[in-house]
Chemist: 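Take this structure first; my questions come after.
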Amino acid sequence: MTEPTHGVTLEAIYRARQRLAGQAVRTPLVRSAALSARFDADIRLKLETCQPTGAFKLRGATNMIAALIERHGRDALAAGVTTASTGNHGRAVAYAAARLGVPAVICLSSLVPANKVAAIEALGAEVKRVGESQDEAFAEVERLVRDQGMTLIPPFDDPLIAAGQGTIGLELMEDAPDLDRVIVGLSGGGLLGGIGAAVKAIRPACRVTGVSLSQGAAMWESLQAGQPVSVEEAESLADSLGGGIGLANRCTFELVRAVMDDHYQVSETAIACAMVDILEHEKRLVEGAAAVGLAALAEHGVDVRGEALALILSGNGVALETFDRARCLTGR
């Protein structure tokens, strides 16, 4: 059988799980009585909020660093790994690198709040403050790769990253082999693509539903155009779903196109309501990107009656002031 062009196979996902053993958590899948009653379905929540770094990103970062050590030896990463993410991915790279004994440099712009800088430094990584934008921070990453021989750990567009995220799909299929649908936030496509690759290989009938922002949905706009395109980024409560997919995207564009069955875009009000609902009824504080599955069900009236479905609660990296903004938007 010809290997898919995106490079994310079920075998690769199983290998990723072996590398994650003892490094990342097998997260709980819990049934929500409140949501199941509300939508007349069997709704379960995949709690990636239980990862040591609070988000799913740890899986992909750990898999990629461990795979590079496995393939090329630890000396190949002696100069260290680097990335420019300011959120969940930056923390994941810092944590994974420390656990695997590899130096890490996380490049952040001057706009990144001090608490985020401190959180990454507490995980053992070196932080470089560079410029006033993510583009300037990433330029420093490119310099470190070019001049100092460091290795880039990208946030999504790599088969090893997507395969790491795909281990979530293996766990879903083992804990709930009867799933009819899984609903996943869609940004760069590593999470949805990885989960979808695992789920479709094991249970092809299970629908993979993506959810994007109402504005600045780079992957969805690219799929509509038939090729990667740039979109203007918009401020959002689900800020980790913003950003582009890269015009030279080599993995996740094809991967998402292969595994996603349907898609919804959600408004800021719907995201805010979902964040508040999850805290009120599930007693879980989540970031906006983790709430978009519920937002889609509520805003679009998706008919899931009688279905067994999973919502991916992808992370808990939300500042209290952001949650307060969500509450104000809902009037609750």
Chemist: Can you tell me if Glu126 uses its side chain to pair, donor with acceptor, with the backbone of Val105 under 3.5 Å?
Modeler: no
Chemist: Counting only heavy atoms not in Gln215, do more than 12 sit closer than 6.0 Å to its CD atom?
Modeler: no
Chemist: Does Asp42 pair with Arg181 as a salt bridge, N-O distance under 4.0 Å?
Modeler: no
Chemist: Test Arg327 against Leu279 for side-chain contact (heavy atoms from CB on, under 4.5 Å), laying out the working first.
Modeler: CA-CA 11 Å; Arg327 290 188 62 189; Leu279 180 61; 5.9 Å; no
Chemist: Enumerate the residue pairs fulfilling ring pair (Phe, Tyr, Trp, His ring centres under 6.0 Å) with a member in residues 297-332, sequence neighbours excluded, ordered by first and then second residue.
Modeler: Tyr264-His300
Chemist: Okay, side chain of Thr62, backbone of Arg59: is any donor-acceptor separation there less than 3.5 Å?
Modeler: no
Chemist: Flag the pair Asp303 and Arg207 as a salt bridge only when some basic side-chain nitrogen lies within less than 4.0 angstrom of an acidic carboxylate oxygen.
Modeler: no
Chemist: When you compare the side chain of Leu297 with that of Ile43, does any pair of heavy atoms fall below 4.5 Å?
Modeler: yes
Chemist: Could you check whether atom CZ of Arg71 has more than 12 heavy atoms from other residues, nucleotides or ligands sitting under 6.0 Å from it?
Modeler: no
Chemist: So does Asp277 pair up with Arg38, basic N to acidic O under 4.0 Å?
Modeler: yes
Chemist: Count the heavy atoms belonging to other residues, nucleotides or ligands that lie under 6.0 Å from CG of Asp147, then report whether that count exceeds 12.
Modeler: yes
Chemist: Has the side chain of Asp180 got a donor or acceptor atom that lies under 3.5 Å from a matching backbone atom of Leu309?
Modeler: no
Chemist: Got a sec: does the CZ of Arg31 have more than 12 other heavy atoms crowding it under 6.0 Å?
Modeler: yes
Chemist: So, taking the atom named CZ in Arg17 and the one named OG1 in Thr167, what distance separates them when rounded to the nearest 0.5 Å?
Modeler: 8.0 Å
Chemist: Closer than 4.0 angstrom, basic N to acidic O: yes or no for Asp157 and Arg250?
Modeler: no
Chemist: Less than 4.0 angstrom from a charged side-chain N to a carboxylate O is my criterion; do Glu70 and Arg15 meet it?
Modeler: no
Chemist: Evaluate whether atom CD of Glu132 has more than 12 neighbouring non-hydrogen atoms of other residues, nucleotides or ligands under 6.0 angstrom away.
Modeler: no
Chemist: Can you confirm whether more than 12 heavy atoms, excluding those of Leu247, are under 6.0 Å from its CG atom?
Modeler: yes
Chemist: Donor-acceptor check, side chain of Thr82 to backbone of Leu152, threshold 3.5 angstrom: yes or no?
Modeler: no
